[in-house]
S.K.: 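Shown below is the structure under consideration.
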Amino acid sequence: MNAKQAAAYKAVGYIQDGMIVGLGTGSTAYWAIHYLAERVAQGLKITTVATSESTTSIAAEKGIKVSSLDSVEYIDIDIDGADEVDSMLNLIKGGGGALLREKIVAAASREFIVIADESKLVDVLGRFPLPVEVLAFGREHTARHLQRLGCRPVLREKDGQVYITDNGHQILDCHFNAIPDPALLAQQINAIPGVVENGLFVGMAKKVIVGYADGSAKELG
Ligand code: 5RP
């Protein structure tokens, strides 16, 4: 078992019969879906909600039915990855472009469990460029507002094309290098007209499961 698998496997151990489960996005969350699918095949009964179209497809391929978020009142446990995790369990997310739905699903969850390999642990957030989902309309103006907060915003592209999120928006990856006050920055970014959501998840994760290369996993929080 590699580090991502170890973290995902431990997190899936928290899922019980009858629960409503949030399915994250990314290569670590992939393994959570994989292990969940194994348990579903063995008879576990759960309802799931996905954080992206790609996760919906992966879950369907593995035999997990996905429901819409609005068909459930809340989510028992949401399991998702992260790009960076600090010692307060604040996160940067959105490397996979799903930050908006990921934040909505995490906010609808009674418990938000983050799974990550040890490379994601940092003292200060911000070395990983902070993804900010923005409207296409006036994007350059929005980028200038972001720049005034001390970053270098870079428009995300994929295969030579502007990257478009599941919600039809674009992403500016904001190079801050260091984010000493994530709560303040998250507020400042979301106050900019044209910003849809930012990838700072402040005070949302109560448990982070860290996987290690030797196949072990440790809980923080
Ligand atoms: C997707 C995310 C992912 O959780 C994050 O990018 C981590 O991905 P991975 O597990 O592949 O390293 O936020 O939007």
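Remember, it's 1-based here, ligands and their atoms both numbered in the order they're listed. These figures come from a predicted structure and were not determined experimentally.
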S.K.: Checking side-chain polar atoms at under 3.5 Å, does S216 have a donor or acceptor matched by the opposite partner on D214?
M.R.: yes

S.K.: How far does CZ of R101 sit from OG1 of T25, to the nearest 0.5 angstrom?
M.R.: 9.0 Å

S.K.: Please work out which of the three classes, parallel, tilted or perpendicular, describes the rings of W31 and H34, given edges at 30° and 60°.
M.R.: perpendicular

S.K.: Given 3.5 Å as the limit, does a donor-acceptor pair link the side chain of E84 with the main chain of G126, or not?
M.R.: yes

S.K.: For side chain to side chain donor-acceptor pair (under 3.5 Å), just list the numbers for S119 and D117, CA-CA rounded to whole Å, side-chain angles, deciding distance to a tenth of an Å, and then say yes or no.
M.R.: CA-CA 6 Å; S119 71; D117 62 79; 2.3 Å; yes

S.K.: How are the rings of F201 and F112 set to each other: parallel, tilted or perpendicular (split at 30° and 60°)?
M.R.: tilted

S.K.: So which residues, sorted by chain and number, lie with a heavy atom under 4.0 Å of ligand 1?
M.R.: K4, T25, G26, S27, T28, D80, G81, A82, D83, K93, G94, G95, G96, G97, A98, E102, K120

